[in-house]
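In what follows, a structure is listed as structure tokens, so that the remarks can point back to it.
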Amino acid sequence: MYTEKVMEHFNNPRNIGIIAEPTVLVQVGEPSCGDSLLLSLKIENDRITDVKYKIYGCGAAIATASVASEMVMGLPLDDVMNNITDMTIADALDGLPPEKMHCSNMAAGALHGAIREYRKAIAAKHSGPAN
Ligand code: FES
């Protein structure tokens, strides 16, 4: 039921771990099954320079987190926001069974959520206290 690429990433997940001093750290969960993903990013010059994660989830969730971590390494934040979706992640694995499509939501959701958090923190820093 899984493609060769899904099995390959499931058996050898890339970039597992947590960055020691991440720029941003987020946790997301998939309410339908209770699985979760903890994602850490290093961001420099509006670009992802490192990504590591820990995941509690099914084979599809592990494979999607793994391939997504490879897809976004080195990418500008705008590219991640505009081009990395649950569909593009599933496509990079040559597809997922329909009943497993929701599993790719965690990786896409965590990436977008992390970038939103990062941008919010930057905006708050730049607006500063009013004089
Ligand atoms: Fe929970 Fe796949 S069944 S993420």
Side-chain angles (χ1 to χ4, degrees):
M1 98 175 186
Y2 284 132
T3 66
E4 267 178 41
K5 278 194 187 167
V6 171
M7 291 311 297
E8 205 277 312
H9 276 272
F10 171 64
N11 286 317
N12 305 289
R14 325 295 200 266
N15 303 310
I16 290 277
I18 292 295
I19 296 168
E21 288 183 22
T23 310
V24 62
L25 181 73
V26 293
Q27 177 148 30
V28 298
E30 173 56 43
S32 63
C33 58
D35 292 342
S36 65
L37 172 65
L38 181 65
L39 176 76
S40 59
L41 297 180
K42 195 84 177 166
I43 298 172
E44 288 162 302
N45 299 322
D46 236 31
R47 193 177 278 272
I48 293 177
T49 55
D50 198 10
V51 47
K52 290 195 185 303
Y53 59 90
K54 287 194 172 173
I55 185 156
Y56 174 83
C58 69
I62 293 166
T64 51
S66 172
V67 79
S69 73
E70 287 191 326
M71 290 166 80
V72 302
M73 195 74 83
L75 272 194
L77 301 185
D78 279 344
D79 283 7
V80 178
M81 292 306 272
N82 296 332
N83 303 324
I84 303 296
T85 66
D86 50 352
M87 286 304 293
T88 57
I89 292 170
D91 284 350
L93 293 167
D94 294 335
L96 286 171
E99 70 278 13
K100 286 287 176 183
M101 271 310 291
H102 73 272
C103 308
S104 61
N105 291 343
M106 281 204 301
L111 284 162
H112 291 190
I115 291 171
R116 276 195 296 270
E117 290 250 327
Y118 168 72
R119 287 180 165 165
K120 221 162 50 185
I122 295 282
K125 204 156 110 188
H126 287 172
S127 65
N131 290 332

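Counting starts at 1 for both ligands and their atoms, following the listed order.
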Please determine whether the number of non-hydrogen atoms from other residues, nucleotides or ligands lying under 6.0 Å from atom [atom1] of [X] exceeds 12.
| X | atom1 | value |
| --- | --- | --- |
| E4 | CD | no |
| F10 | CZ | no |
| M73 | CE | yes |

Kindly indicate, with the supporting measurements, whether the criterion side chain to side chain contact (heavy atoms under 4.5 Å, CB included) is fulfilled by R119 and D46. CA-CA 10 Å; R119 287 180 165 165; D46 236 31; 4.3 Å; yes

Straight-line distance of D86 CG to T64 OG1, nearest 0.5 Å: 9.5 Å

Side chains of D94 and T3 only: does a donor on one sit below 3.5 Å from an acceptor on the other? no

Near atom 2 (Fe) of ligand 1, meaning under 2.8 Å, the protein N/O/S atoms are C58 SG, C103 SG

